[in-house]
Amino acid sequence: MKGTMIIDGKKVEFDGEKNVLEVVRKAGIELPTFCFHSELSVYGACRMCIVEDKYGKILTSCSTIPKDGMEIYTQTPRLLRYRRNILELLLANHDRDCTTCEKTGACTLQDLAVKFGIKNIRFGSLSEKEPVDDSSLAIVRNPNKCILCGDCVRMCEEIQGVGALSFAYRGSEMKVATAFDKPIAETHCIDCGQCRAICPTGAIAIKNETDKFWNLVFDKNKRVVAQIAPAVRVALGEEFGLEPGDITIGKIVAALKKMGVDEVYDTAFGADMTVVEEGREFIERLSEGKNLPLFTSCCPGWVKFAENRFPDMLDNISTCKSPQQMFGSVIREYYKEKDREEGKETVVVSIMPCTAKKAEAAREEFKVDGVRDVELVITTQELAMLIKEAGIVFDELEEESFDMPFGLASGAGVIFGSTGGVAEAVVTSLLEDKPDNMDKEVLFKDVRGLENIKEASFNIGGKEIKVAVVHGLKNAEKLINSIKSGEKEYHLVEVMACPGGCIAGGGQPIPMTKEIREKRAKGLYRLDKSSYVKSSEENPAIKYLFENMLKDNHELLHVHKVEKQTN
Amino acid sequence: MRINSIEEFKRIRDVYRKSLDKQYKKIIVCGGTGCVAGGSIDIYEEFKRIIKEKGILAEVDLEKEAEGVGVKKSGCHGFCEKGPLVRIEPGGYLYIKVKPEDCQEIVEETILNDRPVERLMYRFNGELYRTQESIPFYEKQTRIVLEHCGHLDAESIQEYIANDGYAALVKALEEMTPEQVCKEVLDSNLRGRGGGGYPAGKKWSQVLSYQSDVKYVVCNGDEGDPGAFMDRSIMEGDPHSVIEGMIIAAYATKATEGYIYVRAEYPLAVQRLSKAIEEAREIGLLGENILGTGLSFDIHINKGAGAFVCGEGSALMASIQGERGMPKVKVKRTVEEGLWDKPTVMNNVETFANVRHIISKGADWFKSFGTEGSPGTKAFALSGNVNNTGLIEVPMGSNLREIIFDIGGGIKGGKKFKAVQIGGPSGGCLTEEHLDMPLDFDSLKDVGAMIGSGGMVVMDEDTCMVSVARFFMNFTQNESCGKCIPCREGTKRMLQILDKIIEGKGEMKDLDLLEELADTITNTALCGLGKSAANPVVSSIRYFRDEYIAHIVDKKCPTKTCTKLRVIEIDPELCKGCSKCSRTCPVGAISGKVKEVFKIDQSKCIKCGACMEACPFTAIKEV
């Protein structure tokens, strides 16, 4: 709809804005909100975004459609009084110990309380302390900090189609809970951490394992080998005042070395391994015509989702490990001899954008003789905390390069972090004529971008290969149902649980808007453009690895069929 | 047996009418929940047994013409204070407070020998009232929506049809287009009887205007207000009137499916509605191709599950859809996107029950009752400290004086009238100064009250208005869904403050805080529950501020209701020092020496009153 509104006496034009909130933003005013998210359904529960019309009626701007000629006010004595009262009511029931809260400085409630200058809370605290749910490997839930905005509920239900969190009980007893109040680890939660990413307070936080990092690094008997996921390098900078998409990999390596990490490698190398191995698997399945379409397996959130909801599709998922896990096994195998000689133990620490990777690394099938291939997973957010705790001044760091022999990765491996990247990398490796930078933009335009379900077809070896790319598991559910019903047919399907792919993982810096996701992805594609090696199998380090250590040792790269994980 | 055309319908109707006439006597036992609780089912069974014993036919199937005495369970007669009620026709005798032991006499005297049993009739101020219509309680009423309650068998579609039931539907199908039906309802200015007062005709016209393959008609039978039982009585006593109203609505708006949402706490209503729907289906008035006219419509019953908030439109629809019963912010209105995002007509039970009258007798007839802004009648549930509690129906615009004193029979025990809570927990209180105000949708708004669904709780001089406000706030707090901050947190804090005041710990700034919170909640809450939650408190502060101040400043409850503010003292003149009180006291607050005057330590006293009951000399009193 088009038209003109009158906001605080001034004319403001609108064209297609979904609600008055967006139009008011155009007028240069940011109305406070807790429960509004442009990607989730309108909830209208916090009542903070209220505006007043010329008749004195109070409206919530998030749920009001702009109409031509509408006249509203954003600052009136009543509005200010109501907003303050609502904040005061929220704060009265909230755990106000901000100094020990992980979210301090990034908390919406704290931010608004400061903005509105709430100095006096006239109500005492009422509720008893609710227990903290620490059962998950990925997140921690503290209901005492919850403001019942419902963002996590809607995210888990509407975007991920999982619904592990919902509202229980009524009125002032209402709380966000799992079914039957089970510890979240016992539910269908897939550990994706999107709930944490969208939570405005500290009610849902990443499982903080930074102390484990220090323990490993301070242990003289441990050789700490780090691998850094692609998505981390285009987002970490945001914690240090840089733009999303700014590439900070050189500084990350330098910081890790400063903190005592022995060797630093690139998970994109692991991704290259995955491309080669999964490519082989794909060709095999194509020739046999069995278990098609092939679904990617690098996303642990997706794998858990499939185990819970589509167990009959498990045979379609690639038996290849994820890049993190492949790399973990390869690194440990590589250092076996050296470890014996030096009397040390190699432990792999992976720096990931993803909270589900914490759960993945703990799975039984990724242990050898009870020892985890990837000992510890640190998310981007935790890495930022570590750097800050160590007092390292980020912009003064001088860039360093990865170590060898695993520090060289192709651009294809780097784009794994973005939705469509895995499909692009696999297809690139299978093409006879490798496309150059310009060709790639045209050839792969249908798998790139933030559209929910993407489809493309490629000519590989004379055959038409149909590829689907999906992100956000609600979309994955739709896609799978369309495959099952026979409506759609594909050979290869890439699934990423997080909307936008790993660049928007549950462990990345927040908030994450559509613009931020696009910028981060652009950073990855930029890296691809400027990389020396374009296709995974052309990576000389990969060639060396496959011709030597992995010559008869392919099993290192595959998952043995395991029953559905129960924690 | 299925009726396949309008002609067939008219033929069958005549058969039913003739059969009904063959019942030379009718015993109509009240089968509303109130009288059922008083034992009316036993009375009904007893009548049947006695009649059969006499060799007379007691169960008359109207499809067969046979002579007999009709023994029926009807809907709520309305005079609940005097139940169980039995009405005898012809003659219109009303027997009150009937017991199963009385049935024999009633059959012998009235059924077989046409003699009234005067000891079972209503007496007031020395006068004996033989017929129901002459009783003041009934004389002043205009029972239109409730016309069948107390007269027809609530479980017989045949009787309903014989008494012009479904005639309105036939008229609509035969003589009117959907647009004309909408127009008639619009012209009648029938306003939503659930409390919203929105013109039903406008709603219907809007739904008709939206194109959709599926449209819904939803009947809101949740009636959660404490003290309201109008909709219950209509659903129990005249379920077909609701169904007929819904089918007419479906025809008028081209809707395809209907839902009646009944609260789970009304099992009898669910039972009667289910039976009625089944009967209607069997006979062909619900389902495919109704009466051969091409109209297809069916109704499902959805039971609530104990949430007052599910009486709110969007929460009700969420509940039907299987979601958590929480109201939703309406981006688009229900008429455009309602149940499952389809155009939906949602109306209250009483609103639907009015429809057949409007279609049969016309908009002008309907407007001849009530006021211009609020035509028609309204059913009210009268309860509290009145002599005649029960279910009444009066024209809109009647005033409180008529209702409470003429119909209600005045305040029980001859006490003084103090206030009447109207509209339940969403309504405000009206006081002596409002006794002559007309009751309709618009005039009440100006004084901070609303008709609401029609519950009226009358209070006498011994009622503590602060306690009443606290009672309703407690109810609202329990029933709040918890979604929006002002209602969830705000009402809790208001309740906290009211509890403080009632316990004698209130401060004057609490009164200001109550008003401030009330203002915030009323203006920012998401749904009607929150928006009206503060009404009882605000209106009681407005009209009874001095009572609040007494609780806060004097730490006294003027009506001696609030137990925490009681002051119990031993009268030194009457105390004989027997020590019984100090031995009874559970907290050891009384001390003294035998044969000397005992004393209560006020700081220890928990105001339980056990000493007062124990004292053999009634020396202990509340002061």
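Because the structure is a prediction, the values reported are computed rather than measured. The chains referred to below are lettered A, B, ... by the order of the sequence lines, with proteins before strands, and numbering in each begins at 1. Values below: every heavy atom of this structure, side chains too, minus hydrogens, waters and symmetry copies.
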### Task
For the residue pair A:Asn93 and B:Arg493, establish whether any side-chain heavy-atom pair is separated by less than 4.5 Å.
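Heavy-atom side-chain distance check passes, below 4.5 Å.
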
### Message
What I'd like to find out is whether the side chain of B:Leu517 reaches to under 4.5 Å of the side chain of A:Leu89, using heavy atoms alone.
### Response
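B:Leu517 reaches A:Leu89 side chain to side chain.
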
#### Entry: Best-contacting candidate, B:Asp519, B:Ile497, B:Thr476, against chain A by heavy atom pairs under 4.5 angstrom
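Between B:Asp519, B:Ile497, B:Thr476, the count favours B:Asp519.
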
Can you tell which part of [X] gets under 4.5 Å to a heavy atom of chain B, answering side chain, backbone, both or neither?
X        : answer
A:Ile86  : both
A:Ile147 : backbone
A:Tyr43  : both
A:Ile50  : side chain

[atom1]/[X]: more than 12 non-hydrogen atoms of other groups inside 6.0 Å:
X        : atom1 : value
B:Lys202 : NZ    : no
A:Glu71  : CD    : yes
B:Gln211 : CD    : no
B:Lys303 : NZ    : no
A:Lys26  : NZ    : yes

I need the [X] [atom1] to [Y] [atom2] distance, nearest 0.5 Å.
X        : Y        : atom1 : atom2 : answer
A:Ile58  : B:Thr522 : CD1   : OG1   : 11.0 Å
B:Leu526 : A:Ser63  : CG    : OG    : 8.0 Å
B:Glu489 : A:His94  : CD    : NE2   : 11.5 Å
A:Leu87  : B:Ile485 : CG    : CD1   : 8.0 Å

[X] portion near chain A, given a 4.5 angstrom heavy-atom threshold:
X        : value
B:Leu513 : side chain
B:Arg488 : both
B:Ala307 : both

### Query
Which pairs pass salt bridge (charged side-chain N to carboxylate O under 4.0 Å, His left out) with one or both residues in residues 308-320 of chain B, sequence neighbours excluded?
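Counting only pairs at least two positions apart or across chains, the salt bridge (charged side-chain N to carboxylate O under 4.0 Å, His left out) contacts touching residues 308-320 of chain B are B:Glu312-B:Lys330.
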
To check you understand the geometry: which heavy-atom pair defines the closest contact between [X] and [Y], and what is its length?
X        : Y        : result
A:Tyr82  : B:Asn523 : OH-ND2, 2.8 Å
B:Thr524 : A:Arg47  : O-NE, 2.5 Å
B:Met326 : A:Phe167 : CE-CD1, 4.1 Å

### Part of residues 477-484 of chain B lying next to chain A, heavy-atom separation under 4.5 Å
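Those residues of residues 477-484 of chain B which have a heavy atom under 4.5 Å from chain A are B:Gln477, B:Asn478, B:Glu479, B:Ser480, B:Cys481, B:Gly482, B:Lys483, B:Cys484.
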
Enumerate donor-acceptor pairs with a distance under 3.5 Å from any side-chain N or O in residues 155-162 of chain A to protein atoms, sequence neighbours excluded.
unit_1: A:Glu158; atom_1: OE1; unit_2: A:Ser41; atom_2: N; d: 2.9
unit_1: A:Glu158; atom_1: OE1; unit_2: A:Ser41; atom_2: OG; d: 3.4
unit_1: A:Glu158; atom_1: OE2; unit_2: A:Ser41; atom_2: OG; d: 2.6
unit_1: A:Gln160; atom_1: OE1; unit_2: A:Leu473; atom_2: N; d: 3.1
unit_1: A:Gln160; atom_1: NE2; unit_2: A:Ala497; atom_2: O; d: 3.1

### Task
Starting from the C-alpha separation in whole Å, work towards a yes-or-no answer on side chain to side chain contact (heavy atoms under 4.5 Å, CB included) for A:Met174 and B:Arg324.
CA-CA 12 Å; A:Met174 176 160 109; B:Arg324 186 181 150 93; 2.8 Å; yes

### Message
Let's go through B:Lys492 and A:Phe123 carefully: what are the C-alpha distance in whole Å and the side-chain angles of both, what is the deciding distance for side chain to side chain contact (heavy atoms under 4.5 Å, CB included) to 0.1 Å, and is it a yes or a no?
### Response
CA-CA 10 Å; B:Lys492 191 175 188 183; A:Phe123 313 105; over 6 Å; no

### Task
Return the set of residues passing ring pair (Phe, Tyr, Trp, His ring centres under 6.0 Å) with B:Phe475 (not counting sequence neighbours), or none when no residue passes.
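Applying ring pair (Phe, Tyr, Trp, His ring centres under 6.0 Å) to B:Phe475 gives B:Phe308.
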
